[in-house]
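Basis for what follows: all heavy atoms, side chains included, without hydrogens, waters or symmetry-related copies. Residues: numbered from 1 along the sequence shown. Here the structure is a predicted model, which is why all the values come from computation and not from measurement.
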Amino acid sequence: MNRVAFVFTRAPHGSSAGREGLDAALATGALSESIGLFFIGDGVLQLTPGQQPEIILARNHAATFGVLALYDIEHCYISREALRERGLAEEGARVLDAGILDAAALRQQLATYDRIITF
């Protein structure tokens with residue numbers, strides 16, 4: 001069975017990439033047991049709680065992260081460097097529990113997946 005990684009690289013509401021990536025991960029989760037989510041670059045902003053996308057007439061998809069466990073998607077990782085570059089604390093609140101890895105460990109973990117899909 002293929003292990004599939006979904007890499008989130010974009011901010012949550014500047015495009016539909018975050019929502020589409022999450023939808024794709026959930027759809028794949030129904031078919032595969034080996035799914036991983038990686039948040040790098042501006043993708044770490046996907047996990048920031050308290051966003052108000054309705055102000056810019058965008059759909060709030062953050063609540064959808066709460067159903068990942070129902071699809072057995074439990075392997076989630078955040079780039080430590082991306083958090084630092086954006087002034088976000090490692091111990092800060094997030095809409096999803098995820099491990100924080102430095103760049104080398106993140107690359108090593110990502111290399112264990114057969115397919116990598118970037119959003």
Nearest-0.5 Å distance, OG of residue S32 to CG of residue N2: 7.5 Å

Measure the shortest side-chain to side-chain distance between R84 and E90 over non-hydrogen atoms and say whether it is less than 4.5 angstrom. yes

May I ask whether L110 and L37 are part of the same hydrophobic cluster, defined by side-chain heavy atoms of I, L, V, M, F, W, Y residues being less than 4.5 angstrom apart, directly or through others? no

Could you walk me through whether I78 and L101 pass the side-chain contact (heavy atoms from CB on, under 4.5 Å) check? CA-CA 6 Å; I78 302 172; L101 301 176; over 6 Å; no

Which residue pairs satisfy the salt bridge (charged side-chain N to carboxylate O under 4.0 Å, His left out) criterion with at least one member in residues 39-53, sequence neighbours excluded? D42-R86

What is the minimum heavy-atom distance between A82 and V44, and which atoms define it? CB-CG1, 3.6 Å

Under 6.0 Å from the CG atom of D102, do we count more than 12 heavy atoms belonging to anything else shown? yes

Between atom CG of L88 and atom CZ of R80, what is the distance when rounded to the nearest 0.5 Å? 13.5 Å

Strictly distance-based, threshold 3.5 Å: is any side-chain N or O of D114 a donor or acceptor partner for the main-chain N or O of R3? yes

Fit a plane to each ring of Y113 and F38, take the angle between them on a 0 to 90° scale, and name the class: parallel (under 30°), tilted (30 to 60°) or perpendicular (over 60°). perpendicular

Restricting to non-hydrogen atoms, name the atom on C76 and the atom on L96 that form the minimum distance, rounded to 0.1 Å. SG-CD2, 3.8 Å

Would you say the side-chain atoms of S16 pair up with the backbone N or O of R19, donor to acceptor, closer than 3.5 Å? no

Test side-chain contact (heavy atoms from CB on, under 4.5 Å) on L22 and L68 and set out the steps. CA-CA 9 Å; L22 187 53; L68 291 174; 3.9 Å; yes

Mark yes or no for whether T28, through its side chain, and A25, through its backbone, hold a donor-acceptor pair below 3.5 Å. no

Assess the side chains of R94 and T48: does a donor N or O sit below 3.5 Å from an acceptor N or O? no

Value for CG (D97) from CZ (F65), rounded to nearest 0.5 Å, stands at 12.5 Å

Applying a strict under-4.5 Å side-chain criterion to I, L, V, M, F, W and Y, I'd like to know whether V67 and F39 cluster together. yes

In the structure I gave you, are the side-chain heavy atoms of I117 and V7 within less than 4.5 Å of one another anywhere? no

For the hydrophobic clusters of this structure (ILVMFWY residues joined by side-chain heavy atoms under 4.5 Å, transitively), does one cluster hold both L31 and F6? no

Any donor-acceptor N/O pair, R10 side chain to F119 backbone, under 3.5 Å: no

Return the minimal non-hydrogen interatomic distance between I40 and S79, and the atom names on each side. CG2-CB, 3.9 Å

Provide the closest heavy-atom pair for L45 versus Q51 in the form atom of the first, atom of the second, distance. O-NE2, 2.8 Å

Please evaluate residues Y71 and I35 with respect to the criterion side-chain contact (heavy atoms from CB on, under 4.5 Å), reporting the C-alpha separation (whole Å), side-chain torsions for both, the decisive distance (0.1 Å), and the verdict. CA-CA 9 Å; Y71 291 81; I35 303 288; over 6 Å; no

Is it true that Q46 and H61 share a donor-acceptor pair across their side chains at a distance under 3.5 Å? yes

Could you walk me through whether Y77 and I100 pass the side-chain contact (heavy atoms from CB on, under 4.5 Å) check? CA-CA 6 Å; Y77 307 96; I100 298 173; over 6 Å; no

